[in-house]
Amino acid sequence: MISGLSSCTPDEKQENEVVIGFSQLGNESTWRERNTASIKEAAKKANYKLLFANGQQKQSKQIKDIRSFIASRVDVIVLSPIVETGWENVLTEARDAGIPVILNDRDIQIEDTSLYQTLVGTDSTAQGRKAGDFLKKKFEGTSEQIQIVEITGTPGSSSTENRSLGFRDSLNMEKRFEIVESQNADYMLSKGKQAMEKLYQQKQLTNVDVIFSHNDDMTLGIVEFLETTSIKPGKDVTIVSVDAQQEAIHLLKAGKINCTVECNPNTGPKLMSTITHLLNGGKLEPCYYLQEQVFSEFSNLSAIPERGY
Ligand code: AHR
């Protein structure tokens, strides 16, 4: 052997070692950071080797990352897809290489659903519906028009599309609820703040009763901005959010938001048990949704345990 070269590099796959390639879509939010940590922790506990790739909010980067997992001959690919469409080619390449793909968190739209094994994630349609249901309870018995501004997450992502659908579905039968404006802020605190500032400067918040924000990070930005104005968040305007992260629970307890619908980021343990089941030849359901609840001004706020994200 040439001196200085070893016959085995430290990264080389050990015999019987299960290697998972995890394509995370980015780190746009506190929720996403917890989701990544949950998967890393669970893989370690299950004794699986995890190769992590940060998609940096770009589908093109995620596709590149998946191709490099295929080239490395990983055993399983876990994909958190930034958007719903455009995955056919790369998932076909994974199938041709005999590598199963499991979706994490978000869903995709694809004709051949056999290109992935299952989804371990959260029910975004139900989350949107729960946000609408909270408003119906909050404004029960009032007959006036309720004007709503919606601040959405990443366009084309299943979480955004389905939360919007579920929300509208819940409010549909009641004509008094009107979505007067819908703006995108990519699930980011800074963009949530900017969106609010823009609406305020354009005088579009004057008659608004409700803000439905698709995640807590954007909500933090929204509240931060409103506090620089005379509009009192949670009082002059009702704020409904999604995720239920710790800082949103603090805002809820302080009366600065009115509701946050849980989106559970702890997919790691279920993902690992699903991978084990799959590798042992077990059959999988088309999807596995985690348990989620709603925290609102109607909840017993002192009983909410630490959220961990
Ligand atoms: O797909 C889940 C959503 O993505 C979470 O609600 C949000 O915080 C995240 O960025």
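Just so you know, ligand 1 is whichever comes first in the structure, and atom 1 is the first atom listed for that ligand. Bear in mind the structure is a predicted one, so any value in this text is a computation, not a measurement. Computed from heavy atoms alone, side chains included, the values below leave out hydrogens, waters and symmetry copies.
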When you compare ligand 1 with [X], is there at least one nitrogen or oxygen pair between them that comes in under 3.5 angstrom?
X	result
Arg163	yes
Tyr187	no
His214	no

I'd like to know if Arg129 pairs up with Asp123 as an ion pair, taking the criterion as any Lys NZ or Arg NE/NH1/NH2 lying under 4.0 Å from an Asp or Glu carboxylate oxygen.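 Salt bridge: no.
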For Lys136, is there an ion pair with Asp133 - N to carboxylate O distance below 4.0 angstrom?
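Yes, this pair counts.
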Considering only the protein, which heavy-atom contact is closest to [atom], and what is its distance?
atom	answer
atom 10 (O) of ligand 1	Glu28 OE2, 2.4 Å
atom 1 (O) of ligand 1	Arg106 NE, 2.8 Å
atom 8 (O) of ligand 1	Asp243 OD2, 2.6 Å
atom 7 (C) of ligand 1	Asn215 ND2, 3.5 Å

Per-atom contacts, ligand 1 versus [X] - under 4.0 Å to a heavy atom:
X	result
Ser159	1 (O)
Ser29	7 (C), 8 (O), 9 (C), 10 (O)
Asp105	1 (O), 2 (C)
Arg32	1 (O), 2 (C), 3 (C), 4 (O), 9 (C), 10 (O)

Can you find a side-chain donor-acceptor pair between [X] and [Y] that sits under 3.5 Å?
X	Y	answer
Asn258	Glu297	yes
Ser124	Arg106	no
Arg307	Gln245	no

Are any of the side-chain heavy atoms of Trp87 and Val101 separated by less than 4.5 Å?
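Result no, sub-4.5 Å side-chain heavy-atom pair not found.
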Check whether any heavy atom of [X] sits under 4.0 Å from an atom of ligand 1.
X	answer
Asp217	no
Met218	no
Val242	no

Decide if atom CD of Gln202 counts as having more than 12 heavy atoms of other residues, nucleotides or ligands within a radius under 6.0 Å.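 Enclosed: over 12 neighbouring heavy atoms sit under 6.0 Å from CD of Gln202.
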- Reported CZ-to-CG distance for the pair Phe177 and Asp209, which is rounded to 0.5 angstrom: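 That separation rounds to 9.5 Å.
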- State plainly whether one hydrophobic cluster holds both Leu290 and Val242, where clusters connect Ile, Leu, Val, Met, Phe, Trp and Tyr through side-chain heavy atoms under 4.5 angstrom apart.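 No, separate clusters.
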